[in-house]
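Being a predicted model, the structure only gives us computed values, none of them experimental.
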Amino acid sequence: MEKLEPMELVQKYTQLYHWAMDQFNNLPPSIEPTATGHIVEQIEMIKKIIADGYGYEANGSVYFDVVKYNDVYSKKNQPYGILSGRNLEEQLDTTRELENQEEKKNKVDFALWKKAPAEHIMRWQSPWGEGFPGWHIECSAMATKYLGKQFDIHGGGMDLQFPHHECEIAQSTVCNHEVPARYWMHNNMITINGRKMGKSYNNVIKLSELFSGNHPELTQAYAPMTVRFFILQSQYRGTLDFSNEALQAAEKALRRLMEAYEWLKAQSFVGEAKAKDEALDTQLNTWIAELTEFMDDDINTAKVVANIFEIIPVINSLKDKHITQDAVATSTWNHVQSQLVVFIESILGLKVEAGANLEQLKGVVELLIEIRKESKANKDFATSDKIRNQLMNMGIQLKDEKDGSMSYTFS
RNA sequence: GGUCCUGUGGCCGAGUGGCUAGGCAGAGCUCUGCAAAAGCUCCCACAGCGGUUCGAAUCCGCUCGGGACCUCCA
């Protein structure tokens, strides 16, 4: 382990986490409470649980009486294990032997407060002596303080469903007399080439390695937005498999999406034109309306992305003049434009990746484009091809547009 | 060992009883000095074996893969 003070360690990984979230264009939360900052609230909660008869002290530690809770709350249709579909009778037989079990009334009971052994660094005073909180009570205490006795959505990884979230439900229900969360959103795990990420498989990839491409499993670097888009292409409750092939596919798809989107966003549609192609007009409105439906369907971002890809060929057809603007009503174009801004930027959280020294680089590319135009005008294709091919090798792709202009993309 | 989840075309990934998901790759065409990009078209899959049903990727059973969890990491 690293030789750092405990809170120094916390600081270090908190900063790393903030960096990663920022890379992914995640909005920062309005509050990020810490367990160590809420010892008092946790102790108060434990006191209430004891007072209500669901907690008991044993040798300086406090445990939650799961069997009693299950007996009482099963009658209210809220048995212990309701989230993960487990029943307590099976648990009682299969739980493996662990140390200090003899302090508990039942093996399934979990700790609310633990007596600190002499060597334990983190320790606080409590009515039960020096110790530290059990591992589930912090979430219940902080959620109650900042979100109230009952709140709408509780998130977390699938791996936390049992026992962590089950214990939270039990504690909070006893303490607050209300079920804490109305909805639970458990996101599933990510696998690498079909295998879970784990030290034993030697396939752990850090985000910094993913973004730099500096890892044996990776054939190239992947931009944060590529990874974000890749994740959005699946529904969050399913497992997601990382592979170079899959990430490269996502990278290309995202580029196509963002190019069409950026073009559309820059257009201004005016006039009172009625749709010449009513079928297309209706279809566009349907696709846009469905975006909201799909988000309402348990955040089905995969379907949202699929619908956006239905719209992209229409945008590109307008761009390349395969269709004319009056094929669709002006109001529809404006609706598509404004809704895509909302869904792509605000809801999916996608943004154009900005490179360093972009302005200078753009200037250079503009200059080369000018030279290339001149050489093309002189039928000097050797020079024009040289410019295009050399730029391509550097990852800058030139495209001849229909109207004679040239555009470019960085990859 | 137990509980739960899962197995979709070359790759990723939606979809829970009948209707084209979508992306990437691949093939053809259009456009184009060439190329790329873009547009159009094609590629009709649901682990295997039984069963239910007029009809199943979707429901049930079994088999074989993959995964998560099984109380003091949170």
Does the side chain of A:Asn316 come under 3.5 Å of the side chain of A:Arg256 through a donor N or O and an acceptor N or O? no
Under 3.5 Å donor-acceptor, A:Asn244 side chain and A:Thr219 backbone: yes
Can a donor-acceptor pair be found, under 3.5 Å and without considering hydrogens, that links the side chain of A:Lys104 to the backbone of A:Asp109? yes
B:C72 C1' sits how many Å from A:Tyr56 OH, rounded? 12 Å
Between C1' on B:G23 and CD1 on A:Ile311, what's the gap in Å once rounded to a whole number? 15 Å
Between B:A35, B:A14, B:C24, which one does the side chain of A:Gln235 approach most closely? B:A14
Determine whether A:Gln325 and A:Phe269 make a side-chain contact, defined as any pair of heavy atoms from C-beta on separated by less than 4.5 Å. yes
Heavy atoms within less than 4.0 Å of RNA chain B: which residues of residues 295-307 of chain A have one? Give them sorted by number. A:Asn300, A:Ala302, A:Lys303, A:Ala306
Give A:Asp385 one of three labels, base, sugar-phosphate or nothing, depending on what nucleic acid heavy atoms sit under 4.0 Å from its own. base
Between CG on residue A:Asp152 and CE on residue A:Met185, distance to nearest 0.5 Å: 11.5 Å
So what does A:Glu166 hit on the nucleic acid, given a heavy-atom distance under 4.0 Å: a base, only sugar-phosphate, or nothing? nothing
Could you give the distance separating B:C73 and B:G17 at their P atoms, to the nearest angstrom? 43 Å
Would you say the base of B:C24 and the side-chain of A:Lys252 have a donor-acceptor pair closer than 3.5 Å? no
Lys/Arg N to Asp/Glu carboxylate O, A:Glu259 vs A:Lys399, below 4.0 Å: yes
Short side-chain donor-acceptor distance under 3.5 Å, A:Glu166 and A:Ser84: yes
Look only at the side chain of A:Glu138 and the backbone of A:Pro133, and say whether a donor-acceptor pair between them is shorter than 3.5 Å. no
Short N-O contact, A:Glu44 and A:Lys145, less than 4.0 angstrom: no
Please tell me whether A:Thr239 and A:Thr191 have a donor and an acceptor in their side chains that are separated by less than 3.5 angstrom. no
Side-chain N or O of A:Arg256 closer than 4.0 Å to phosphate OP1/OP2 of B:G39: yes
Whole-Å C1' distance, B:C43 and B:G22: 15 Å
Nearest-nucleotide comparison on RNA chain B, the residue closer to the 5′ end among A:Glu259 and A:Cys139: A:Glu259
Applying a 4.0 Å non-hydrogen cut-off, can you work out what A:Ser384 is touching in the nucleic acid: base, sugar-phosphate, or nothing? base
Which is true for A:Glu138 with a 4.0 Å heavy-atom rule: it touches a base, it touches only sugar-phosphate, or it touches nothing? sugar-phosphate
Within the 3.5 Å criterion, strictly below it, is a donor on A:Gln267 or A:Gln337 matched to an acceptor on the partner's side chain? no
Under 4.0 Å from any atom of RNA chain B, heavy atoms only: list the residues of residues 238-246 of chain A that qualify, in numerical order. A:Thr239, A:Leu240, A:Asp241, A:Glu245, A:Ala246
Rounded interatomic separation in angstrom, taking CZ from A:Arg237 and C1' from B:G15: 16 Å
Measure from CD1 on A:Ile387 to P on B:C34 and round the result to the nearest Å. 19 Å
Under a 3.5 Å cutoff, is there a donor and acceptor pairing between the side chains of A:Asn106 and A:Tyr63? no
Within the modelled atom types, does a donor on one side and an acceptor on the other bring the side chain of A:Arg255 and the base of B:C24 under 3.5 Å apart? no
List, with names and distances, any nitrogen or oxygen atoms from the protein found under 3.5 Å away from nitrogen or oxygen atoms belonging to nucleotides 40-48 of chain B.
none

Indicate whether A:Phe309 forms a stack on B:G23; treat it as stacked only if centroid distance is below 5.5 angstrom and interplanar angle below 30 degrees. no
